[in-house]
Amino acid sequence: LGQKTGAGWYRYEPGSRTAIPDPRVQQMIHQYRQEHGFNKRNISSQEIVERCLFPLINEGFRILDEGIAARSLDIDVIYLFGYGWPRHTGGPMYYAEKVIGLENLLRGLEKYQSQHPHHDYWHPSPLLRNMVAKGTSLATLGADSKL
């Protein structure tokens, strides 16, 4: 699919690299939306970031809560060096605390949980809830670690 075949999400005229929306694909998408009750809507870049990162960060809080990782820094290092997380953001846990804010993260998870109650990844971690309630920082976790 793609430019080599001239078909896929877009059509390509012979000798042209200009992508033209394929009406067959558009019709398939329209039909799928109708069959499954989805309404077409604009999705902001902010919502895309939240839907991608909030469950990942929430899982990081679960990992800390379960003792799989001793410190949030351990999770950040794995993402920075193992998964290519953008270094300038400091890792997902640092990003959660310093850029998003733990209270904003919790509110965002609760919002998506209310919209999608059957998806566990939107259920905020008990550790996150507890930290927001107490106003504590990720830096206080794992302070007694011997690693």
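Throughout, numbering of the chain's residues begins at 1 and tracks the sequence.
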* To do: Go through E50 and I100 one step at a time and tell me if the side chain to side chain contact (heavy atoms under 4.5 Å, CB included) criterion holds.
  => CA-CA 10 Å; E50 290 173 359; I100 298 169; over 6 Å; no

* Structure fact -> In short, L138 meets S72 closest at the heavy-atom pair CB-OG, 3.7 Å

* Is the number of heavy atoms from other residues, nucleotides or ligands within 6.0 Å of OH (Y94) greater than 12? -> no

* Mind checking whether W85 and F81 sit in one hydrophobic cluster, side chains of I, L, V, M, F, W, Y counted as touching below 4.5 Å? -> yes

* So, for Y121 and L109, which heavy atoms are closest and what is the spacing to 0.1 Å? -> O-CD2, 4.2 Å

* For L141 and L127, which heavy atoms make the closest approach, and how far apart are they? -> CD1-CD2, 3.9 Å

* side chain to side chain donor-acceptor pair (under 3.5 Å) assessment of R129 paired with H123 -> CA-CA 10 Å; R129 285 188 186 281; H123 294 237; over 6 Å; no

* Asked: Hey, does I75 have a side-chain heavy atom less than 4.5 Å from the side chain of I78?
  -> no

* Report the distance from atom CG of D76 to atom OH of Y95, rounding to the nearest 0.5 Å. => 13.0 Å

* To the nearest 0.5 Å, what is the distance between CG (D120) and CZ (R62)? -> 7.0 Å

* Shared ILVMFWY cluster between I20 and V25, side chains joined below 4.5 angstrom? -> no

* Atom OG in S125, atom CG in L106: separation rounded to 0.5 Å? -> 9.5 Å

* For the residue pair M93 and F61, establish whether any side-chain heavy-atom pair is separated by less than 4.5 Å. => yes

* Asked: Are Y83 and L56 close enough that some pair of their side-chain heavy atoms sits under 4.5 Å apart?
  -> no

* Which atom pair, heavy atoms only, marks the closest approach of P21 to Q26? -> CB-NE2, 4.4 Å

* Drop me the distance from I63's CD1 to D65's CG, to the nearest 0.5 angstrom. => 11.0 Å

* Is there a side-chain contact between P92 and L53 (heavy atoms, below 4.5 Å)? -> no

* State, to 0.1 Å, how close L80 and P86 come at their nearest heavy-atom pair, and which atoms those are. => CD2-O, 4.0 Å

* To do: Check I43 against I48 and note the closest heavy-atom contact, atom names and distance.
  => CG2-CG1, 3.7 Å

* Heavy-atom side-chain contact between L105 and F54 under 4.5 Å -> yes

* Asked: At what distance, to the nearest 0.5 angstrom, does CD of Q113 lie from CG of N58?
  -> 9.5 Å

* Asked: With the threshold set at 4.0 Å, does a side-chain nitrogen-carboxylate oxygen contact exist between D74 and R71?
  -> yes

* Heavy-atom check, side chain of Y79 versus side chain of T89, under 4.5 Å -> no

* W9 reachable from M28 in the ILVMFWY side-chain graph, under 4.5 Å edges -> no

* To do: Can you spot which of Q34, E35, Q27, R33 makes a side-chain hydrogen bond (donor to acceptor under 3.5 Å, both in side chains) with Q31?
  => E35

* Asked: Any Lys/Arg nitrogen of R11 or E13 sitting under 4.0 Å from an Asp/Glu carboxylate oxygen of the other?
  -> yes

* Within the distance-only criterion (no hydrogens, no angle test), does the side chain of H36 pair as donor or acceptor with the backbone N or O of Y32 below 3.5 angstrom? -> yes

* Do R41 and E47 meet the salt-bridge criterion of a basic N to acidic O distance under 4.0 Å? -> yes

* **Salt-bridge contact R107-E103 (side-chain N to carboxylate O under 4.0 Å)** => yes

* Measuring from T136:OG1 to N130:CG, what's the distance to the nearest 0.5 Å? -> 6.5 Å

